[in-house]
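What follows is one structure encoded as structure tokens, with my remarks underneath.
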Amino acid sequence: MDLHTVETYCRPLDLASVPPWKRGYAWLAGGTWIFSEPQPHLTTLVDLEPLGWSEITVEDDRLEIGATCTLRQLVTYPWSAEWKATEAFRGAVSALAASFKVTHLATVGGNVCLALAIGVMAPVLVALDATYEIWSPTDPPRTVAAKDFQLGVQQTVLQPGEVLRRIWIPLASLNWRTQVQRFGIAETDPALSLVVAAVDPATERTRVCLGACVMAPYLLEFDRIPSSEQITAALQAVPWLTDSRASGSYRQQMTEVLIRRSLHALREP
């Protein structure tokens with residue numbers, strides 16, 4: 001879609017070259033959402049592509065994923081067979097039910113920062129105990145835990161002009177076994193519930209992150225794989241999303257089914 005209000009298109013080679021941030025400015029990554037509907041409030045696009053933030057590297061005891069890494073790059077990367085948790089990347093992209101074109105252009109950082117309830121990458125990154133590094137054209141970088149980044153639907157901790165630079169995942173988290181379960185009315189419809197379950201094979205410590213059924217990723221943590229009763233009790237405190245597509249109680253019931261399926265699959269050898 002043409003964005004008729006955009007007057008300026010910037011391709012900076014570094015953040016120091018970014019013009020002073022103003023109302024109407026927006027960062028441009030893959031562009032699969034920003035060009036999908038009218039954006040009458042925008043006057044300037046600042047393209048992140050020239051910055052080359054698409055790396056996937058191992059640094060010390062953590063995995064680093066650049067914010068402009070595409071979903072396709074993420075799922076086709078030759079991950080070590082020991083890193084079972086990387087299966088969650090494939091599960092999340094599959095849950096997005098997106099076209100070939102979208103997965104080749106959409107970025108990991110863009111999916112996270114768009115902060116839709118139906119975002120697929122944020123629940124995975126929260127489940128894997130990720131940390132985000134945030135850059136600003138004028139201030140020093142800062143970090144924030146993935147679980148604290150999204151505040152609501154299209155609401156994050158990002159301040160005007162700030163941008164997600166990279167994602168860090170502890171290497172220890174990559175050894176966890178993961179399961180991604182999705183429920184929607186149809187395969188191509190946005191999900192009504194998304195569950196990402198992760199279990200530490202050494203201790204059975206369990207993390208379950210909910211998406212699509214809540215306004216922002218919601219993390220449940222257990223010392224061991226939870227029983228059915230523990231799952232039911234934990235879900236009582238969840239702030240369920242209710243909208244024209246489904247009630248909160250319906251999402252709660254479907255989510256409980258997805259969690260049980262996920263944990264059953266993770267118990268199997």
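It should be emphasised that the depicted structure is a prediction, and the values quoted were computed from it without experimental measurement.
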Problem - Joint hydrophobic cluster, W240 plus L192, side-chain heavy atoms closer than 4.5 Å - result: yes
Handout entry: Atom pair SG (C209) and CD (E221), whose distance is rounded to the nearest 0.5 Å
Key = 10.0 Å
Handout entry: Polar side-chain atom of Q230 near backbone of S227 as donor-acceptor pair, under 3.5 Å
Key = yes
Handout entry: Closest non-hydrogen atom pair between L128 and S173, with its separation
Key = O-OG, 3.0 Å
Fill in the blank from the handout: Closest heavy-atom pair, K84 versus R177, reported as atoms and distance to 0.1 Å, is CB-CA, 4.4 Å
Practice task
Kindly indicate, with the supporting measurements, whether the criterion side-chain hydrogen bond (donor to acceptor under 3.5 Å, both in side chains) is fulfilled by Q39 and T5.
Solution key: CA-CA 8 Å; Q39 310 286 348; T5 59; over 6 Å; no
Handout entry: Cluster overlap M215 with L125, hydrophobic side-chain contacts below 4.5 Å
Key = no
Exercise for the section: Answer yes or no: is there a side-chain heavy-atom contact under 4.5 Å between L45 and C10? Expected result: no
Exercise for the section: Go through the steps for V238 and Q252 under the test side-chain contact (heavy atoms from CB on, under 4.5 Å), then give the verdict. Expected result: CA-CA 9 Å; V238 175; Q252 179 176 351; over 6 Å; no
Practice task
State whether the side chain of S17 and the backbone N or O of P12 hold a donor-acceptor pair below 3.5 Å, judged by distance alone.
Solution key: no
Exercise for the section: Answer yes if I118 and V126 sit in the same cluster of Ile, Leu, Val, Met, Phe, Trp and Tyr residues linked by side chain heavy atoms under 4.5 Å apart, and no otherwise. Expected result: no
Problem - 4.5 Å side-chain heavy-atom contact, V112 and L164 - result: yes
Practice task
To the nearest 0.5 angstrom, please state how far the CD1 atom of I34 sits from the OG1 atom of T32.
Solution key: 10.0 Å
Exercise for the section: Give the intermediate values and the outcome of side-chain contact (heavy atoms from CB on, under 4.5 Å) for residues V195 and V180. Expected result: CA-CA 6 Å; V195 167; V180 177; over 6 Å; no
Problem - T107 vs N111 side-chain heavy atoms within contact, under 4.5 Å - result: no
Practice task
Using the ring-ring contact (aromatic ring centres under 6.0 Å, His included) rule, collect all pairs that involve residues 158-194, keeping only residues at least two apart or in two chains.
Solution key: none
Handout entry: same_hphob_cluster(L114, V153) at 4.5 Å side-chain heavy-atom cutoff
Key = no
Practice task
Determine the minimum heavy-atom distance between P217 and Q150, stating which atoms define it.
Solution key: CD-OE1, 3.3 Å
Handout entry: T178 to A198 - nearest heavy-atom pair and separation
Key = CG2-CB, 3.9 Å
Exercise for the section: Taking atom CD of E82 as the centre, report whether more than 12 heavy atoms of other residues, nucleotides or ligands fall under 6.0 Å from it. Expected result: no
Problem - Polar side chain donor-acceptor pair, S228 to R260, under 3.5 angstrom - result: yes
Handout entry: Check: D200 main-chain N/O paired with R205 side-chain donor or acceptor under 3.5 Å
Key = no
Practice task
Look at atom CG of D223 and say whether more than 12 heavy atoms of other residues, nucleotides or ligands are closer to it than 6.0 Å.
Solution key: no
Practice task
Answer yes or no: is there a donor N or O on one side and an acceptor on the other, between the side chain of S94 and the main chain of G91, under 3.5 Å?
Solution key: no
Practice task
May I ask you to test the V196-V120 pair for a side-chain heavy-atom distance under 4.5 Å?
Solution key: no
Practice task
Please assess Q181 against L194 for the test side-chain contact (heavy atoms from CB on, under 4.5 Å), listing each intermediate value before the final yes or no.
Solution key: CA-CA 6 Å; Q181 295 275 343; L194 180 72; over 6 Å; no
Practice task
Taking the side chain as every heavy atom from C-beta outward, state whether V208 and S262 have any atom pair closer than 4.5 Å.
Solution key: no
Handout entry: From W79 atom CH2 to R90 atom CZ, the distance as rounded to the nearest 0.5 Å
Key = 9.0 Å
Handout entry: Note: D243-R251 ion pair, threshold 4.0 Å (strictly below)
Key = yes
Practice task
State whether a side-chain donor-acceptor pair under 3.5 Å links E49 with T68.
Solution key: no
Problem - Heavy-atom closest contact (F89 atom, V75 atom, distance) - result: O-CG1, 3.8 Å
Practice task
Would you indicate whether the side-chain heavy atoms of I259 and L235 approach each other to under 4.5 Å?
Solution key: yes
Problem - Taking every non-hydrogen atom, the tightest pair across S247 and T242 - result: C-OG1, 3.8 Å
Handout entry: Heavy-atom donor-acceptor pair, T206 side chain to E204 backbone, under 3.5 Å
Key = yes
Problem - Exam field: side chain R23 to backbone H41, donor-acceptor pair closer than 3.5 Å - result: no
Completion exercise
Taken to the nearest 0.5 Å, the spacing of L74 CG from R72 CZ works out to 11.5 Å
Problem - Over 12 foreign heavy atoms within 6.0 Å of CZ, R62 - result: yes
Practice task
Calculate, to the nearest 0.5 Å, the distance between atoms NZ and OG1 belonging to K22 and T8 respectively.
Solution key: 9.0 Å
Handout entry: Validation row: C213, L241 side chains within 4.5 angstrom (heavy atoms)
Key = no
Handout entry: Step-by-step side-chain contact (heavy atoms from CB on, under 4.5 Å) determination, I225 to L266
Key = CA-CA 9 Å; I225 297 177; L266 291 174; 5.6 Å; no
Handout entry: Between Q73 and T70, a side-chain donor and acceptor under 3.5 Å
Key = yes
Exercise for the section: Determine whether W33 and V102 fall in the same hydrophobic cluster, where Ile, Leu, Val, Met, Phe, Trp and Tyr are linked whenever their side-chain heavy atoms lie under 4.5 Å apart. Expected result: no
Fill in the blank from the handout: Which of R165, R166, R142 passes side-chain hydrogen bond (donor to acceptor under 3.5 Å, both in side chains) with E133? Answer is R166
Handout entry: Gap between atom OH of Y218 and atom OG1 of T255 - 0.5 Å precision
Key = 12.5 Å
Exercise for the section: Please write out which residues are connected to Y25 in a hydrophobic cluster, directly or through intermediates, given that two of Ile, Leu, Val, Met, Phe, Trp, Tyr count as joined at side-chain heavy-atom separations below 4.5 angstrom. Expected result: L15, V18, W21, W27, V46, L48, L51, W53, W135, V163
Problem - Check: H4 and V6 side chains under 4.5 Å, non-hydrogen atoms - result: no
